[in-house]
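Reviewing the structure listed below.
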Amino acid sequence: MDTIEKALSKHRQAAQAELENDSVKGEALEQTSEIDQRAHESVVGVDASQFDKSRAQGDKTINSLEIDIDALDRMGAILPDDSRSKIKEEYKHIKRPLLQKAMARMDSDSPDNLIMVTSAYSGEGKTFSSLNLALSIAVERDCRVLLIDADVVKPGLGRTLNVEDKPGLVEYLNGEVESLSEVLLTTNINNLTVLPAGKTHHLSHELLASNSMRELAKELASRYRDRIIIFDSPPVLITSEAKVLSDVVGQIALVVEQDKTAQQSVKDALEKLDNAKISGLILNKSHTLGAGYYGYYYSD
Ligand SMILES: Nc1ncnc2c1ncn2[C@@H]1O[C@H](COP(=O)(O)OP(=O)(O)O)[C@@H](O)[C@H]1O
Ligand SMILES: [Mg+2]
């Protein structure tokens, strides 16, 4: 059985098991709570003196962003209140292995808290999945999340969160701003900080491949080690930026759109990425459980 067939087969089994066995699910969710509790403890335990005095000095963000909750609602995304339990449940399963790996880091320099969300092509749900993953972790588990719009060629989060005109990753990597804090946006959603893509740049590939990007990734892994950093990333098969970005993250989640992403495209995408970093596939817009969308996470 190949990877996708295995993923689909696991998906069906998981869906079946979920329907049949609520108590097992309850246990699994409790485990997630423990992981998240540890995450929370590590947030509380971080000492400001550990932060280095590099270019990105200054943890305080200067700017804030009011995320339009009604827009999230219209999009079908996770909401900060208690509604939308179905998608929240789905993302519990998606985030669990990612959090597990991120929290299991023994070495504070490990980039396993840097998670790249990508897919073979555009329109398969990278932005939707990154945003919901970030919301799921921030809203439900009291864990700090930094959501980065790293699709500097076609910034989807910019449009979704209405921050298209804000400076962001590009300006930071270009050296146009002094510190990261100038481009980070705290939001009205507790624990969620956003880094917009910034201006589209004709040298985006070079920027992502630059030493500044490597330094930033290192900094995010160590200085922000209590946080989960999610990169909404360019698609693997039509940009060279995705491959470059995949080199600096610790985990990759590949979004596969059911009935749209061809099996061969998934295989081609997997071949281009470091398989050791692929923590799983997110099967987006699956209809297996009936009406609506269903995300599934496969990890092996
Ligand atoms: N699971 C989903 N449920 C509802 N809408 C979705 C889902 N996944 C994607 N979409 C919508 O499909 C469109 C394309 O998704 P997007 O995340 O922007 O793709 P990408 O970032 O891969 O280009 C967007 O309008 C998005 O809101
Ligand atoms: Mg996108």
Side-chain angles (χ1 to χ4, degrees), residues 7-8 11 15 67-79 83-95 115-136 147-164 166 168-170 194-201 204 208 230-246 249 252-262 265-266 268-270 272-273 278 280-298:
L8 291 170
H11 171 48
I67 293 179
D68 182 350
I69 306 295
D70 290 338
L72 291 183
D73 194 7
R74 285 193 296 277
M75 198 191 306
I78 288 173
L79 299 174
S83 61
R84 287 274 154 72
S85 58
K86 186 168 182 291
I87 189 166
K88 278 186 179 163
E89 277 306 303
E90 292 161 3
Y91 272 86
K92 272 181 189 158
H93 295 282
I94 291 169
K95 74 186 169 189
I115 302 168
M116 171 182 187
V117 178
T118 189
S119 72
Y121 294 107
S122 286
E124 292 170 316
K126 293 178 292 298
T127 298
F128 184 89
S129 304
S130 315
L131 178 61
N132 278 290
L133 188 57
L135 288 168
S136 171
L147 177 59
I148 300 181
D149 193 346
D151 193 349
V152 289
V153 182
K154 205 178 160 199
L157 275 177
R159 243 178 304 125
T160 309
L161 299 180
N162 209 13
V163 288
E164 282 167 295
K166 297 258 193 283
L169 184 60
V170 165
V194 169
L195 174 58
K199 270 195 297 290
T200 306
H201 197 281
S204 61
L208 289 184
I230 297 171
F231 291 83
D232 178 16
S233 308
V236 180
L237 296 182
I238 47 174
T239 67
S240 48
E241 284 83 357
K243 174 73 187 83
V244 167
L245 199 58
S246 73
V249 297
I252 302 170
L254 188 71
V255 178
V256 175
E257 185 173 343
Q258 182 162 320
D259 302 330
K260 188 178 164 211
T261 315
S265 306
V266 181
D268 292 346
L270 289 171
K272 287 207 164 197
L273 298 166
I278 295 177
L281 308 182
I282 296 174
L283 190 60
N284 192 28
K285 302 188 186 175
S286 163
H287 303 283
T288 313
L289 283 184
Y293 295 99
Y294 180 71
Y296 170 70
Y297 195 81
Y298 164 73

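Here the structure is a predicted model, which means the values were calculated and not measured. One-based numbering, in listed order, for ligands and for the atoms of each.
In this structure, Lys126 and Val255 approach most closely via the heavy-atom pair CA-CG2, 4.2 Å. Here the closest heavy-atom approach between residue Ile282 and residue Ala253 is recorded as CD1-CB, 4.1 Å.
Which of Glu124, Gln258, Lys285 comes nearest to atom 10 (N) of ligand 1 through a heavy atom is settled by distance: it is Lys285.
With ligand atoms numbered from 1 in the order given, ligand 1 contributes 23 (O) to contacts under 4.0 Å with heavy atoms of Ser122. Atoms of ligand 1 lying under 4.0 Å from any heavy atom of Gly123, numbered from 1 in the order shown and given with element: 14 (C), 19 (O), 20 (P), 22 (O), 23 (O).
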Q. For Ile115 and Val249, what are the C-alpha separation, side-chain angles and deciding distance, and is it a side chain to side chain contact (heavy atoms under 4.5 Å, CB included)?
A. CA-CA 6 Å; Ile115 302 168; Val249 297; over 6 Å; no

With side chain to side chain contact (heavy atoms under 4.5 Å, CB included) as the criterion, how do Leu131 and Thr160 come out once you've worked through the C-alpha distance, each side chain's angles and the decisive distance to 0.1 Å? CA-CA 9 Å; Leu131 178 61; Thr160 309; 3.9 Å; yes

Stepwise side chain to side chain contact (heavy atoms under 4.5 Å, CB included) test for Leu254 and Leu270: CA-CA 8 Å; Leu254 188 71; Leu270 289 171; 3.8 Å; yes

Start with the C-alpha gap between Thr127 and Asp232, add the side-chain angles, then the distance that decides, and say whether side chain to side chain donor-acceptor pair (under 3.5 Å) holds.
CA-CA 6 Å; Thr127 298; Asp232 178 16; 2.7 Å; yes

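By the criterion of a heavy-atom distance under 4.0 Å, the side chain of Asn284, and not its backbone, is placed next to ligand 1.
Remark: ligand 1 and Met75 share no N or O pair separated by less than 3.5 Å (distance only, no angle test). At under 3.5 Å, a nitrogen or oxygen of Lys126, whether backbone or side chain, sits near a nitrogen or oxygen of ligand 1. Remark: ligand 1 and Ser119 share no N or O pair separated by less than 3.5 Å (distance only, no angle test).
Look at Ser122 and the Mg ion (ligand 2): no N/O/S atom of the residue is under 2.8 Å from the metal.
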